[in-house]
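Inspection log for the structure reproduced underneath, given as structure tokens.
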Amino acid sequence: MELKVTSLDGKAAGSVTLSDAIFGLEPRADIIHRCVVWQLAKRRRGTHEVQNRADVHRTGKKMYRQKGTGSARHGSARVNLFRGGGRSFGPHTRSHEIGLPKKVRALALRHALSAKAKDGGILVIDALSVKEAKTKALRGQFDKLGVSNALFIDGAEVSADVRTAASNIPNIDVLPVAGINVYDIMRRHKLVLTRAAVDALEARFK
């Protein structure tokens with residue numbers, strides 16, 4: 001698959017050939033879905049906690065005698081029926097992480113890249129750099145490029161100036177190639193790769 005390469009200003013800068021083994025697969029929604037669920041489950045902190053009847057500090061003495069009061073039978077005031085009592089079957093601190101084999105994760109990434117390529121959602125630029133860390137200037141370059149909702153993937157490292165300038169632009173994410181992931185690819189309308197990112201991805205899946 002051959003794509004045109006542009007500069008950050010939207011000017012032509014040659015072309016690049018993308019590997020069909022990475023960008024030319026027939027996308028499978030089930031594999032992509034499994035990876036997205038795995039990512040979202042892994043990022044949950046799982047620090048939710050409630051008090052059950054063992055955690056509530058109240059007396060365990062029987063409230064009143066069993067018979068003769070005309071009221072319902074009750075024992076401890078710590079039960080969930082009473083205001084301030086413990087909660088039944090409430091959430092407790094735990095990990096929400098689920099397992100997903102490494103090979104499935106790698107396959108899901110290739111399918112996500114192929115899905116973007118099939119929809120025409122991939123742009124390749126020669127480099128991602130700015131002269132100064134100014135959000136207004138970078139936004140102007142993005143407008144020339146024709147993107148307003150995109151994930152930018154650079155090489156091994158992202159320029160500190162680019163990271164600073166892009167941090168205030170909504171719907172724009174900038175990551176190094178090591179941070180590329182299925183969820184961020186699918187949640188943005190466009191995927192913008194630098195030449196360095198393309199070379200790194202092809203070396204990774206070689």
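For reference, positions follow the sequence shown, starting with 1.
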Partner set under side chain to side chain contact (heavy atoms under 4.5 Å, CB included) for R110, not counting sequence neighbours: I22, L25, L107, F205
Can a salt bridge be assigned to the pair [X] and [Y] using a cut-off of 4.0 Å between side-chain N and carboxylate O?
X: D30; Y: R28; answer: yes
X: R44; Y: E97; answer: no
X: R187; Y: D173; answer: yes

Side-chain touch [X]/[Y], heavy atoms, less than 4.5 angstrom:
X: M186; Y: I32; answer: yes
X: R188; Y: Y183; answer: no
X: I153; Y: V192; answer: no
X: T6; Y: L123; answer: no
X: P27; Y: K118; answer: yes

Going by distance alone, is a donor N or O of one side chain under 3.5 Å from an acceptor N or O of the other, for [X] and [Y]?
X: H96; Y: R94; answer: yes
X: E49; Y: T93; answer: yes
X: S7; Y: D126; answer: no
X: T17; Y: E2; answer: no

Aromatic plane relationship, Y64 with H74 - under 30° parallel, 30 to 60° tilted, over 60° perpendicular: perpendicular
Rounded distance (nearest 0.5 Å) linking atom CZ of F152 with atom CG of L193: 10.0 Å
Side-chain (R105) to main-chain (L100) donor-acceptor, under 3.5 angstrom: yes
Sidechain-backbone polar pair: T135 side chain, A165 backbone, donor-acceptor under 3.5 Å: yes
